[in-house]
Amino acid sequence: MNDKADPDVAERSNFLHDIISEDIKNGRFERSFRTRFPPEPNGYLHIGHAKAICLDFDLADEFAGTCNLRFDDTNPTTEDETYVEGIIDDLKWLGYEAENICYTSDYFEQLYAWAELLIIDGLAYIDDQSSVEISEQRGGFGKPGVESPFRSRNDDENLDLFRQMRDGVFPEGHCVLRARIDMQHDNMQMRDPVMYRIKHASHYRTGDRWCIYPTYDWAHGQGDAIEGITHSLCTLEFSNNRDLYNWFLEKLPLPNPAPYQTEFARLELTHTVTSKRKLRDLIDNGVVSSWDDPRLPTLRALKKRGYPASAIRSFCKDIGAARTNSRHAIELLESYVRVNLNAVSQRRMAILRPVKLIITNWPNDENGHPIVEWREVTNNPENELDGVRLVPFSGTLYIEQDDFQVNPPPKFFRLTPGAEVRLRSGYFITCNNFVENSSGELQEIHCTYDPATAGGKAPDNRKVKATLHWVSADHAVTGSVSLYDRLFTAELPGETTGDVMDDLNHQSVETLTNCKFEPALAETPTEVVVQFERLGYFSRDAGTPLLFHRTVGLRDEWANIQKRTKK
RNA sequence: UCGGGGAUGGUGUAAUUGGUAACACAACUGGUUCUGGUCCAGUCAUUGGGGGUUCGAGUCCUCCUCCCCGAACCA
């Protein structure tokens, strides 16, 4: 399930591609290319993860290799089964299937055995100091560390203590297992890093079998080796861990060549955040409703909002991979969504902020009721196979408030008193009058129609400057629409004050409840995205009846004109 | 302060590995159009700064500047 077949997605070269080709050419590994996507199950996947996933899986696909999904579950106090399930769902939705679903916790026994081996080889020791003492002794940038007084403990004692650790003899924090490397090393990661800590916590998979848990560094490379990974791809912040990754692998009796780590820059987007902590803060503080709130950059939120998975994949492929820290404009992602949706989504008419339009010369039938015509409207001009539908048209309609102005600004092409416009697939109409209430609010617009322009074409070929969408008042279904805007006003939230909450966009969602939809919209299946003509793409909510989420608006030249004239 | 990694237009990614800056987004001009959508045509950088090697440098050397990551029993 990948879209190699998608001609829109061109393969772009990047440094990872080059490295792997080189390794294959030189026969560095006698096994085939294999990588893994290693999330920690303590939150849901977001757009940043999508980049890593696309990289891992597409590279595997391209080089005839495989990719595992591995849950890096070494910290029982933060992880949970629900996230495991959520991540599996998210990955599937994105369109990828893992070769194997693995868990670091499945390697706990092996990891433990290897740790004993290191102790026996004099390469690890039990340190009885507290975390603050250890931290203080670690030194600083340019300042060498100090060796622990327990560093010279003999191997037999270390082994004995380690076994007692495992047996639950000690309380949390009593001691840790440390690798004996070099307290003077320039790389802080190499200053006798902690391999095991005591946690009397039950793990969502191993239950109470363990009370000591391996740290990331002690588990990751070994997990890679166990799975036969060749290329361990991760983000830039792990660069400093690479020395340690290699050190452990060298000291262990593993078949060579060992996997090796290569880092790339994580995906950052403007006007949003992608750290799990910050996402969680937004949820916990009630800024957004949950992990799938459509304003969030999580995959489940994007899905709910109507972002096609294939658009996200195209985006990730095209931005490629590099080692430069960068931040992509969120508009770029949106443009991929528009390109995708423009091709596939059916067009419908919906009025978000309705105002009544009365056609004063509209004919009545023999009973004195306005006649109803069923106008034929194209479903998608981008795809003839989508055909047409019939939309009821009559003498009383709703149009968008924005489409009428009494005193129009320059370049306003829409309806104004005296002007003629087209109602899409309907008729040309001319505004003769309008009605306001005592407080000056627009109540009704009165127009006459030209019967000769049925279907929206004038026999004399005269032109109009605008085509408006409309909904017949008698046939309209009423529903609601949620309009989303960026969650943060600042490109880089927290840039000025350091607190992302200071940059919150307090108008990031607006829900309109009196929207008028053409009848066909009531038939739209849940989670399907349609284009509301002239407005944008909208996804039907699965829970709330007749609610649509705005996926993304259409490009809006009129908005640009207004912005320009303002300057 | 030490170590590691970066720097190409408004933004992001490329450049046959030393051969004369490409693609996308955004913006702007104009054209087409029954969506101010789509589509089409066009405009918009000499590669952080200095010096050097070379017929030729974004690619090599050198000095400088700026930015990111790192002192968790998180990953």
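Residue numbering restarts at 1 for every chain, and letters A, B, ... go by the order of the sequence lines. Just so you know, these numbers use all the heavy atoms, side chains as well, and skip hydrogens, waters and symmetry mates.
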Gln562(A) (side chain) and rG36(B) (base): donor-acceptor pair under 3.5 Å: no
Contact under 4.0 Å: Asn560(A) side-chain N or O vs rA27(B) OP1/OP2: yes
Distance test, side-chain N/O of Arg564(A) to OP1/OP2 of rC28(B), below 4.0 Å: yes
Residue among Asp186(A), Ile181(A), Asp182(A) satisfying side-chain contact (heavy atoms from CB on, under 4.5 Å) with Gln184(A): Asp182(A)
Touch class at under 4.0 angstrom, heavy-atom based, for Gly145(A) against every strand present: nothing
RNA chain B: 5'-proximal contact among Pro381(A) and Asn42(A) (nearest heavy atom): Pro381(A)
Watson-Crick or G-U counterpart of rC73(B), or none if no pair lies under 3.5 Å: none
Pairwise P distance for rG10(B) and rG4(B), with rounding to whole Å: 32 Å
Ring-ring centroid check Trp470(A) Phe393(A), cutoff 6.0 Å: yes
rU11(B) and rC64(B), which share atom name P, separated by this distance in whole Å: 27 Å
Interatomic distance, Leu332(A) CG vs rG12(B) P [rounded to whole Å]: 11 Å
Among rG36(B), rG3(B), rC25(B), the nucleotide that comes nearest once only the side chain of Trp558(A) is considered: rG36(B)
Interatomic distance, Glu400(A) CD vs rG36(B) P [rounded to whole Å]: 12 Å
Out of rG37(B), rC73(B), rG3(B), whichever nucleotide has its closest atom nearest the side chain of Ser131(A): rC73(B)
Integer-rounded Å distance: rA75(B) P and Tyr44(A) OH: 20 Å
No-H, no-angle donor-acceptor pair, Glu331(A) side chain to rU11(B) base, under 3.5 Å: no
Residues within residues 322-329 of chain A bordering RNA chain B, heavy-atom distance below 4.0 Å: Arg323(A), Thr324(A), Asn325(A), Ser326(A), Arg327(A), His328(A)
Sugar-phosphate only, base, or nothing, as touched by Phe412(A) at under 4.0 Å among non-hydrogen atoms: base
Pair listing, salt bridge (charged side-chain N to carboxylate O under 4.0 Å, His left out) test, anchored in residues 129-140 of chain A, at least two apart: none
Check: Asn240(A) main-chain N/O paired with Asn187(A) side-chain donor or acceptor under 3.5 Å: yes
Whole-Å C1' distance, rU59(B) and rG48(B): 16 Å
Ser135(A) vs rA72(B): side-chain N/O to OP1/OP2 distance below 4.0 Å: yes
rG42(B) to rC25(B) separation - P atoms, rounded to the nearest Å: 15 Å
Atom C1', compared across rU43(B) and rU35(B): separation rounded to whole Å: 27 Å
Closest to the Phe141(A) side chain, choosing from rU38(B), rG36(B), rU1(B): rU1(B)
Shortest side-chain distance from Arg414(A), nucleotide among rG36(B), rG70(B), rU35(B): rG36(B)
rG37(B) phosphate, OP1 or OP2, under 4.0 Å from Arg338(A) side-chain N/O: no
side-chain contact (heavy atoms from CB on, under 4.5 Å) partner of Thr453(A), the single match among Glu420(A), Arg462(A), Arg422(A): Arg462(A)
From rG37(B), rA24(B), rA75(B), nucleotide with atom closest to Phe238(A) side chain: rA75(B)
Any donor-acceptor N/O pair, Asn380(A) side chain to Gln346(A) backbone, under 3.5 Å: no
Polar side-chain contact Asn240(A)-rG3(B) base: donor and acceptor under 3.5 Å: yes
Spacing of the P atoms in rC44(B) and rA21(B) (rounded, Å): 14 Å
Stretch residues 188-201 of chain A: residues that reach within less than 4.0 Å of RNA chain B through a heavy atom: Met188(A), Gln189(A), Val194(A), Arg197(A), Lys199(A)
Residue matched to rC25(B) through Watson-Crick or wobble contacts both under 3.5 angstrom: rG10(B)
Under 4.0 angstrom between Thr74(A) side-chain N/O and rA75(B) OP1 or OP2: yes
Atom pair distance, as rounded to whole Å: CZ in Arg138(A) and C1' in rC2(B): 16 Å
Touch class at under 4.0 angstrom, heavy-atom based, for Gln137(A) against every strand present: nothing
In rU29(B), glycosidic geometry as syn within 90° of 0 or anti otherwise: anti
Inter-nucleotide C1' distance (rA57(B), rU62(B)), Å rounded: 14 Å
rG18(B) versus rA24(B) - spacing of their P atoms, nearest Å: 27 Å
Ring pair (Phe, Tyr, Trp, His ring centres under 6.0 Å) partner of Phe548(A), chosen from Phe538(A), Phe532(A), Tyr537(A): Phe532(A)
Arg266(A) CZ - rG5(B) C1' separation (whole Å): 15 Å
Exercise: do Asp217(A) and Thr215(A) side chains pair donor with acceptor under 3.5 Å: no
Residues Gln129(A) and Asp127(A): side-chain donor-acceptor under 3.5 angstrom: yes
Rounded distance (Å) that lies between atom P of rC74(B) and atom CD1 of Ile134(A): 11 Å
Whether Ser148(A) side chain and Phe150(A) backbone form a donor-acceptor pair below 3.5 Å: yes
Touch class at under 4.0 angstrom, heavy-atom based, for Glu263(A) against every strand present: nothing
Spacing of Leu535(A) atom CG relative to rG36(B) atom P, expressed in whole Å: 10 Å
Shortest side-chain distance from Arg555(A), nucleotide among rC74(B), rG37(B), rC73(B): rG37(B)
Rounded distance in Å - CD1 (Ile19(A)) to P (rU17(B)): 18 Å
Minimum heavy-atom distance Glu376(A)-Leu390(A), with the two atoms named: CA-CD2, 3.8 Å
Closest to the Leu554(A) side chain, choosing from rU38(B), rA71(B), rU35(B): rU35(B)
Salt-bridge present (Arg486(A), Glu491(A); N to O < 4.0 Å): no
Arg347(A) side chain, from C-beta outward: closest of rA26(B), rU35(B), rA14(B): rU35(B)
Residue met sooner reading RNA chain B from 5', once Asp128(A) and Arg424(A) are mapped to nucleotides: Arg424(A)
Candidate list Tyr213(A), Phe170(A), Tyr216(A), Phe162(A), test ring pair (Phe, Tyr, Trp, His ring centres under 6.0 Å), partner Tyr196(A), passing option: Phe162(A)
